[in-house]
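To start, the structure under review is shown below, and the notes come after it.
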2 protein chains.
Amino acid sequence: MELKTLSEIDIISASTSKINQVDFENLTFGNVFTDHMLVCDFENGAWQKPVIKPYEPFMIDPSAKVFHYGQAIFEGMKAYKDTHDDVWLFRPDENFHRFNKSASRMAMPEVPEDVFMGGLHKLLEIEKNWVKKGKGNTLYIRPFMIATGHGVIAAPSSEYRFMIILSPARAYYSGEVKVIIAEHFSRAANGGIGAAKAAGNYSAQFYPTKLANEKGFQQIIWTDDATHTKLEEAGTMNVFFRINDTLFTAPTSERILDGVTRKSVIELAKRENINVEVRSVLVDELIAAAKDGSLKEIFGAGTAAVINPIVGFSYKDTYYELPKIENSMALEIKEKLTNIQYKLAEDTFGWTVKI
Amino acid sequence: MELKTLSEIDIISASTSKINQVDFENLTFGNVFTDHMLVCDFENGAWQKPVIKPYEPFMIDPSAKVFHYGQAIFEGMKAYKDTHDDVWLFRPDENFHRFNKSASRMAMPEVPEDVFMGGLHKLLEIEKNWVKKGKGNTLYIRPFMIATGHGVIAAPSSEYRFMIILSPARAYYSGEVKVIIAEHFSRAANGGIGAAKAAGNYSAQFYPTKLANEKGFQQIIWTDDATHTKLEEAGTMNVFFRINDTLFTAPTSERILDGVTRKSVIELAKRENINVEVRSVLVDELIAAAKDGSLKEIFGAGTAAVINPIVGFSYKDTYYELPKIENSMALEIKEKLTNIQYKLAEDTFGWTVKI
Ligand SMILES: Cc1ncc(COP(=O)(O)O)c(C=O)c1O
Ligand SMILES: Cc1ncc(COP(=O)(O)O)c(C=O)c1O
């Protein structure tokens, strides 16, 4: 895929850079931002001219619909630097299309490709020094759109703001990740917005996740809300279960985000002749497999967390520790995936796009 | 209930008032705001001193969590003016408690009573000229809280802003209201946030509601997401069904907002010796009752919409028109309810609170 460049864009450069104040070895995920951001407003039924300008707070009306009705969506992507100092994106077309799918579900206007992709391209050219070399170093990219129209009536906004902000990032989770299987709380409804990267899906998980954290678990694996019998996904990752030598992951649906990492893992695993079955794993199956020793691995897959091995899970107050194994599929796939992302291995899939 | 007054509050008065520019006879719901607003920030684990200041836009960081994760809640209340120019609230304690219930579910800090109630009291004293006399005229009150903390990591914010803004309002719906019964889309999950007035619940409904609007229907009556067989509530109203001379309404649950108007209607109806049954009505029952003529009325109940008669509904592309009846329970209850709110009838329940 070729990135479109944007001809019509205003650029206002920051007078100084914050880059020397940043300790790139000790980053907390998502709390340092680069010098510039992209802003593009939707007004009078049309997208206006985008602008790249210094990263800074902006003015917004107290009655803006994003505050009252949560009309907001986002994406999460990363830029990687190879050994030649070139900057790469990983399957950005997937994020672009998913962004506009989310927009439709939330009754928001689609963002044109030249604004999203062209704007991102330009912004990354300006901020390329913020992408550090070396595996594990990335520049996290956060495109998002909020409803800026005024008025406390529950109806779609007529004004929107699309923005891209950038944050240098290393690991999302530090340390071991243990999960709880959801027994009562849920993330998404049938016929709801679970498949969209809609803002409201995330805060809905904060309270149950806080309860899990208090018990010493980092994340929840969500189950279907009707029966709580089918394993679905985690808060910001799709989930894979390795039973014997087969990898299982739930099919995407209205309730489950169609993750880019998930689909890449499936394709990579197939290339490596790993057996992958896309079907819902039942909680009962998981417990049985944990008990009889056929459950070898569980891992999460997502842009922020990359491939995240899960060391154990809790269900109905029983904790099931996963075995320590030698030939971890999670680590093998992570290695293959990150080698493609950092251009350390040939990209036979055509997933990487140069800035 | 006594309203607490706030001793510790800063007040910055607007230099001029916009009130003379407002056409109070022709108001669109929720798009004109009064001269002042209340603002109170939560920082370093504590609520700071609240301030009443001119209504105006404010600065916020692009990475504020409200934009990315939808951590935001609100309430909807109204102030009414009686014939003696006194201003009244209707069951404000219910809104205050529900607000803090919503806060807990969204992992946000509870707002203290002196900030919420005391602040509202003070704000209404200042803005009392915006409450117009005469039935149908109200000042709509929108308390809300947003996550203002920075950072694109999906976890609760550590900073919040609580605000109250006020908007003079008349009817929420103008004209007849027809509804569609949800067959595919849903508003809330079991174990989800449907019972909270969380921002994300509302934008989730925009797209399905837009589809309904395009077919000539104003609202959707949501059904349970697992089976779509039980009638639950509408987007901003609880729903009552009159079959013969009994009123039915769904029990509140994790999926259904515990509406103040709903509970007031139940109490009022009981006082009037109307038979009320709090149980889920099945879609099949509704269709059968519409066909055999026992379905007399459907109405929505909510602060914004008050009591809103529904003239017909559509299910599986068949439209069922409700009969035009003489002794409408909806209109009788609306009359009784609004008489209490405007102090035109004795408030035997102790629901009204004077400012
Ligand atoms: C709910 C949810 N599931 C899964 C994922 C993983 O998706 P991706 O691999 O595209 O980052 C994410 C993160 O983007 C997410 O928010
Ligand atoms: C989803 C929902 N249901 C019902 C209601 C009615 O509640 P109340 O009568 O408290 O306004 C509202 C509005 O507040 C609502 O948002």
Side-chain angles (χ1 to χ4, degrees), chain A residues 28-31 33 37 55 57-63 65-72 74 104-107 140 142 144 146-147 150-156 163 165 167 172 182 184-193 198-207 209-210 225-226 235-236, chain B residues 28-31 33 37 55 57-63 65-72 74 104-107 140 142 144 146-147 150-156 163 165 167 172 182 184-193 198-207 209-210 225-226 235-236:
Chain A
T28 308
F29 195 93
N31 80 339
F33 296 93
M37 61 185 184
Y55 183 97
F58 60 98
M59 294 287 261
I60 186 165
D61 197 80
S63 77
K65 295 208 184 234
V66 61
F67 296 143
H68 301 270
Y69 307 118
Q71 205 185 7
F74 69 96
S104 300
R105 180 61 182 85
M106 302 309 288
Y140 181 76
R142 172 57 60 93
F144 65 106
I146 57 172
H150 301 187
V152 293
I153 190 165
M163 301 180 83
I165 57 179
S167 175
Y172 192 83
H184 171 75
F185 290 109
S186 320
R187 172 186 180 275
N190 296 304
I193 59 169
N201 285 334
Y202 295 83
S203 51
Q205 303 174 61
F206 288 174
Y207 174 72
T209 306
K210 194 172 75 170
D225 80 303
T236 57
Chain B
T28 308
F29 195 93
N31 79 339
F33 296 92
M37 62 185 184
Y55 182 98
F58 61 98
M59 294 287 260
I60 185 166
D61 197 80
S63 76
K65 294 205 186 235
V66 61
F67 294 144
H68 301 270
Y69 307 118
Q71 206 186 7
F74 69 95
S104 300
R105 181 60 183 86
M106 302 310 286
Y140 181 77
R142 173 57 62 92
F144 65 106
I146 57 172
H150 302 185
V152 293
I153 190 165
M163 301 180 83
I165 57 178
S167 175
Y172 191 83
H184 171 74
F185 290 109
S186 320
R187 170 186 181 276
N190 295 304
I193 59 170
N201 284 335
Y202 295 83
S203 51
Q205 304 174 61
F206 287 174
Y207 175 70
T209 306
K210 195 172 75 169
D225 79 302
T236 56

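Heavy atoms only: backbone and side chains are in, while hydrogens, waters and symmetry mates are out. In what follows, every chain begins at residue 1, and chains take the letters A, B, ... in the order their sequences are listed.
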Quiz prompt | Any donor-acceptor N/O pair, B:S203 side chain to A:G70 backbone, under 3.5 Å | solution =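 Checking the backbone N and O of A:G70 against the side chain of B:S203, a donor-acceptor pair under 3.5 Å is found.
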
Portion of [X] that has a non-hydrogen atom of chain A nearer than 4.5 angstrom:
X: B:F144; value: side chain
X: B:T209; value: neither
X: B:T28; value: neither
X: B:H184; value: both
X: B:F74; value: side chain
X: B:M59; value: both
X: B:R105; value: both
X: B:A188; value: backbone

Identify which of [options] forms the greatest number of heavy-atom pairs closer than 4.5 Å to chain A.
options: B:A155, B:A226, B:S104; value: B:A155
options: B:R187, B:Q71, B:R142; value: B:R142
options: B:P62, B:P156, B:S167; value: B:P62

Choice from [options] maximising heavy atom contacts with chain B below 4.5 Å:
options: A:G200, A:A72, A:G30; value: A:G30
options: A:A147, A:G151, A:A154; value: A:A154
options: A:F206, A:F29, A:Y140; value: A:F206
options: A:M106, A:H150, A:H68; value: A:H68

Self-check item: Closest heavy-atom pair and its distance - A:Y207, B:A107
Solution: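 Taking A:Y207 first and B:A107 second, the nearest heavy atoms are N-CB, 4.0 Å.
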
Practice problem: Locate the shortest heavy-atom distance separating B:A189 from A:S186; write the atom from each residue and the value. | Solution: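 Shortest heavy-atom separation between B:A189 and A:S186 comes out as CB-CB, 4.3 Å.
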
Quiz item: Roughly how far apart are A:M37 CE and B:S63 OG, rounded to 0.5 Å?
Solution: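 Nearest 0.5 Å value for the CE-OG distance: 10.5 Å.
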
Quiz prompt | From CG (A:D61) to CZ (B:F58), nearest 0.5 Å | solution =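 Rounded to the nearest 0.5 Å, the CG-CZ separation comes to 8.5 Å.
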
Self-check item: Those residues that, when tested against A:A204, pass side chain to side chain contact (heavy atoms under 4.5 Å, CB included) (two or more places apart)
Solution: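 B:I193.
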
Exercise. Counting only heavy atoms closer than 4.5 Å, note whether A:A198 contacts chain B via side chain, backbone, both or neither.
Key: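 The answer is neither part of A:A198.
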
Quiz item: Given the rule in the side-chain contact (heavy atoms from CB on, under 4.5 Å) test, do A:F67 and B:I165 qualify, once you have shown the distances and angles that lead to the verdict?
Solution: CA-CA 12 Å; A:F67 296 143; B:I165 57 178; over 6 Å; no

Quiz item: Can you list the residues that meet the side-chain hydrogen bond (donor to acceptor under 3.5 Å, both in side chains) rule with A:D225, with sequence neighbours excluded?
Solution: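 Partners of A:D225 under the side-chain hydrogen bond (donor to acceptor under 3.5 Å, both in side chains) test: B:N190.
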
